[in-house]
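The structure under discussion appears below in the form of structure tokens.
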Amino acid sequence: MRVEIDPLARVEGEGGIEVEMEGNQVRDVKFNIFEGPRFFESFIKGMWYDKVPDVMRRICAICTCSHSMASIKAMEDALGVRVSKQTELLRDLLIHGEMIESHALHVYALALPDFLGFPSVIHMAKKYPKEVKGALQLKKAGNLVHNILTGREVHGMNERIGGFSTIPSENELEEIRKAMEMTREFAILAVKLFSSFELPDAARSENTFIALNPGKRFGYYGKEHVASDGGRWDVHDYRKHIKEKTVKHSRAKHSSYKGKPFMVGALARLALFGNKLEGEAKRLYQKHKEKLDLQNSISNNLAQAIELVHSVDRCIQDVDELLSRGIDKRDFAEVKPRAGSGTASVEAPRGVLIHSYRLDGKGRVVWADVITPTAMNAANVDKDFRVAAPRLVNTKELERTLEMIARAYDPCISCSTHLVVVRRI
Amino acid sequence: MKKPRVGIFGFTGCAGDQLMILNLEDELLDLVGALDIKSFTMASSLVEDDEYDVAFVEGSITTPKQKEKLEQIRNKSKLLVAIGDCAAWGGVQASCNGIVSVSKKMVEVYGSRNVWEIYESKPLSAYVKVDFVLPGCPIEKEEFLRAATSLLHGDIPEAVDYPVCVECKLRENGCVLLEGRLCLGPITPGGCKARCPSLGVDCIGCRGVIDGESRIKSAIEVFKEAGFEKDYVKKRLRMFAANYPEILEVK
Amino acid sequence: MNELIPKPVKILKVKDQTPIEKLFTLGVKLGQKPGQFIEMSIAGVGEAPVSICSSPTRGNVEVCVRRVGRVTNALHRLGAGARVGVRGPYGNGFPLEKMRGSEVVLVAGGIGMAPVRAVLQYLLDKKKEYGEIKLLYGIRDYSMMLFKDEILKLMNSKACTVYLSYEKEDEVCKRLRKEYPERVCQGVVTKLFEMVKLNPEAHAVVCGPPVMFWFVFKEMRNRGFPIERLYMTLERRMKCGIGKCKHCVVGVGSMMKYVCKDGPVFSGVEALTMRGMKYVR
Amino acid sequence: MAKADLPKLFRTLAKYGPVVAPVRVGENVVFREVTSLEEVELEYTRSLTPPKKLFLGPQEEILKFDGEKYEEVFEDGKAVLFGVHACDINGLLKLDEIYLDSPQDEYYARRRENVMIVGMSCVPDERCFCTSTGSSYAYGGFDLFLHDIGREYVVRVRTERGYEFTKDGYFKRMEEKDFLAFKKAEEKKVRSIKRKVDLAGIGDLIDVTPKSLWEELTAKCLACGSCNLVCPTCQCYDVLDVLELDIRSGSRIRRWDSCMLKRHALVAGGGNFRPTVVERTANRLSCKVGGEIRCVGCGRCTVYCPAKIDLVEMLERIRVGA
Ligand SMILES: Cc1cc2nc3c(=O)[nH]c(=O)nc-3n(C[C@H](O)[C@H](O)[C@H](O)COP(=O)(O)OP(=O)(O)OC[C@H]3O[C@@H](n4cnc5c(N)ncnc54)[C@H](O)[C@@H]3O)c2cc1C
Ligand code: SF4
Ligand code: SF4
Ligand code: SF4
């Protein structure tokens, strides 16, 4: 017998789950990606440095800003560009905006229907108008940050190597603050909702976490990866620690840390750096710490909800700081091509993202490597499936639960630049 | 009046065009109320296999399975609308078409040449009849909304067949090309309200080219005179419209 | 009064003409000159210029429209009772006063029969003021013939002499050719000139697709017809209808004209001396 | 009037309505609403888009519909258009010939009525050739015109409406020496415009120019339409309907169009009367200088052409035929 969930709905991209059983024995479980691969690391070769971020941000629509920032920072690393404090603040605002947009979509529109028993957020609109309205408003607030800082909701153009082409005006920043203040309650509502659900615990098992060390305050940029077993390394050394290997049964690249699968994302960030949260997010984190079961990957949804609160508040703080410093409209760092290599890592909504490039003398890419969070998580999803499937094997819950597990990771399949799982039947 | 049955599908791409539809925060509920959405994988797990009045299809076709599924969608749909640059032109993933073979890309990324049977990224129209194209990487949500109302009214929407320059001038932007950056605005269809030049950034041509109208050869000449290196020009032209015959030929 | 605001007008009747053409009777009288056109709006879709195909002597305005694009498709979906927007009439119309007392030859092809019908109706209604009327009408086959009943009736009548050419033979065309061997033939419309005696004192009205026009023009000139007595309509893209938007200009160099206000009717001389008339598909 | 009194004039003008004046934005000058004289770029060469935008908007709603009727949309409002150069005023006069011709364009006519125009002397550059098109001097089409004669302005009054603004005490009567200074300043300006083009009979030459020369002249043309969209005398507009989600109501919008674009002469079924840049350029030049001269020599189409195609050079080559 074979159970297939095909296509896996409400994830960004196209994927599916395949469980192969022999009698009552689960023989194999696979988290499948049928989406055609796009070979970004290959076709980017030869591209001139200035347009690399413009191509690479198109790896994924939902975390376009994360890819944008990772590629821009890696390029700046390679070209020795140093940006101003204002640029850094605007970038911080940007990634927090993206977190809001992405988490709002995932938590409210993609995951919540599972818990409330609807096929989609659109079907929820009648019975849960407040939640649906809140979801849309939050998403809109996050998109507003995208619009103002990058030029549009998806695949912006204004964030460049060296800074922002057009610096937002005071009024626009005020507009962001207003939107954040107005939607804050829906971020808090998300925490309330997700802390009230009983989570299926079929996949409960040991999780190892990796996240980017944000420094003093909770955030999504950093220079060092930290693992929950105490390991830590400079992002430039990522290849020594995060291994990608071909898995026999699926001929897919799976990531491993010390030979084992690991998890990245909101849950990993809270597990490792939750103590760096501030204000309301900190209060909520402490209040629900018990509920945030680190060995149950589905807790990721609650972690995302807490991050929503953090990001909304942080956007307001960033705007305040930018305004109080005064806006410099001409701020842009000089960029000159040269040979070199650079690496950067950021926390995308789904977890650690790494971009790394080598450039020739004209600034053309000669080598590129991108590891996306969904690729890193793939092995962990597989692990969770292997744990959960036998426990659920004869229940009606099997399919739905496996889907919920996969969805909790917020997998963004289009961004899995090289996560290929070949179906072999 | 019966609501039109609509399906929204995605193939190889970044899901950005479907996301842009979800980004219509203010109009989304009215829009889904006016339509009978039969399938929208990104947003709903309810998939009704059905006939569609309109199928919106995102993404390029890269595997045999996708081709098969696209053909199925075509057979079941009265109108098929390609949304986004991947569906319209093949997307950024087509930028090395004709230069680097798929198997070479496969080797470079996966270390083996036969991981999967794969096609070079091609637009939907290489495989099925496409009734209308909404270009853009990603699509413009207002343009989508306008196309949707036109379709609801029973009309084929009006395609944009003038270049970005027009919108630049309507917005009173200076010319980025004359200011020294390689801007693809003159050969790229408008509809984006000249987003990039309005922010002082050169157009990268994310809406493809104007079929049969874009003056590629003249543009290459103009770029050359402006002092841009041949290789740079070629890479830029290939970013979103490598499948356009005139661009595919550029040496 | 704001010339750009259409007036809502009810469609009184819709009659199928061919698989792609319909005749619409509108609840409005405009006192137009034959050859003039109106700008018709379908709100939300757009505006399109269409010739009025009825004579002012017959009351309500009628238009015969071919389904080719957005506006015309939308119009074809409408039935009696629906409303459209109307502006006009615009354009110069045919110089019927000049033709008074003389014989008139009408040459029509395809949708060009629409404006020609307006002239025909007018001449028939004012028969006393004009000389003989000849209609030369070229169709693809019977299914594509406009105003079928009217034309068939006229073929039998003395009021006007109808010549008909068709490209593809079908039952009706065959019957007509048998019945009127001296007036019906297979071929393009120019073939009819072999059957008609052209009177150099006559006036001629020619309407049809651009290709047809030039062939007719050449044929008539070769047969000694004075081109200054030949009138034709030009078709161009048009947005305003009143000489503002300048889409419809014809001519290159020092002679440029607006089809909408200087035309759509031009004399053969004007057409001959004007450049930039080429039509490329 | 002394230059130092300009702020006073500005303030009284502002009482008439919002003031729209040239403002520097990056490398370009554009007409924008201003609230103080400091924002205004008094000495500029040419604005990016011409001030015709106040009368014929780049993109404007002309009517609304609701499924039953069509209703005009018109924003009534007085305004002052400040700092317009002679070429652009002449451009407006050319547009008047079209848009005020019967039946007149109501939107244009009413705005022309409502908007007061204050001209200002210009700072020509090597691309200006207005003396060849007879538009270096505005004989009419404005309310007031300020001619810079050094430390003072000579103010020409053309309308009663303009006259009302010159009643304040700081306006002095013209004396002989002012006339002389005015004449000298005008002569100097005319002399500074070095670029010349002979337009006599050019229409007929355009007509007989062989295709091969057209092809050469237009080889680099990108068919982008910029030349038309910045021209003060281009009159073309396109119309489109926008429908709301209720598929009943909506609005009709018109926006500047360009005869260099594919759609300009495209008709149903795909036929195009001007299929390539060759026919389109011939049409554009015919329109500008073929019959009556409708070019005012502002040089915009040359300055803003991304392919750097020069109108005057084109005309010169058409004249010599190679
Ligand atoms: C003076 C005149 C009289 C005409 N009389 C008739 C008639 O009696 N019957 C008939 O069926 N057709 C007539 N036409 C042609 C008719 O106007 C076009 O077929 C119609 O505009 C196509 O509009 P559409 O929206 O359906 O097509 P689309 O191709 O979708 O055109 C969109 C827009 O383009 C413009 N356009 C496209 N083609 C033409 C065209 N050929 N002429 C002018 N504008 C065009 C219109 O403004 C239209 O709104 C006439 C045209 C002119 C100029
Ligand atoms: S300006 Fe060019 S790259 Fe930018 S959004 Fe428009 S078409 Fe895309
Ligand atoms: S044609 Fe060129 S120079 Fe002449 S008025 Fe227009 S923009 Fe100015
Ligand atoms: S601005 Fe230059 S390139 Fe563009 S259409 Fe005009 S002449 Fe051609």
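First the proteins, then the strands, lettered A, B, ... as listed; each starts at 1. Basis for what follows: all heavy atoms, side chains included, without hydrogens, waters or symmetry-related copies.
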Pick whichever of [options] has the most heavy-atom pairs under 4.5 Å with chain A.
options: B:Glu140, B:Met20, B:Glu229; answer: B:Glu229
options: B:Pro138, B:Gly200, B:Gly16; answer: B:Pro138
options: B:Asp17, B:Asp231, B:Asp202; answer: B:Asp231

Tell me, side chain or backbone of [X] under 4.5 Å from chain A's heavy atoms, or both, or neither?
X: B:Cys206; answer: side chain
X: B:Arg238; answer: neither
X: B:Leu29; answer: side chain
X: B:Ile61; answer: neither
X: B:Val201; answer: both
X: B:Phe240; answer: side chain

Legend entry - Salt bridge present between B:Asp85 and A:Arg58 (N-O < 4.0 angstrom):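 Looking at B:Asp85 and A:Arg58, the cut-off is not met.
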Inset, instruction - Output yes when B:Asp26 and B:Lys141 qualify as a salt bridge under the 4.0 Å nitrogen-oxygen rule, no when they do not. - result: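 No, no charged N to carboxylate O under 4.0 Å.
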Inset, instruction - Give a yes or no on whether B:Glu142 atom CD has more than 12 heavy-atom contacts from other residues, nucleotides or ligands under 6.0 Å away. - result: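 Check fails, neighbour count at 12 or below.
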Legend entry - Within 6.0 Å of NZ in A:Lys127, more than 12 heavy atoms from elsewhere: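 12 or below, so no.
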Ignoring hydrogens and angles, tell me if any N or O in the side chain of [X] forms a donor-acceptor pair with the backbone of [Y] under 3.5 Å.
X: A:Asp369; Y: A:Ser356; value: no
X: A:His67; Y: A:Leu353; value: no
X: A:Tyr108; Y: A:Phe186; value: yes
X: B:Asn97; Y: B:Ser121; value: yes

Legend entry - Test of ring centre spacing under 6.0 Å for B:Phe11 and B:Tyr127: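 Ring-ring flag for B:Phe11/B:Tyr127: false, centres at least 6.0 Å apart.
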Is it the side chain or the backbone of [X] that comes within 4.5 Å of chain B heavy atoms, both, or neither?
X: A:Arg364; answer: side chain
X: A:Gln137; answer: neither
X: A:Lys133; answer: neither

Legend entry - Top of A:Ser165, A:Gly156, A:Ala125, A:Gly151 for chain B proximity - count of heavy-atom pairs under 4.5 angstrom: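 The option with the most such pairs is A:Ser165.
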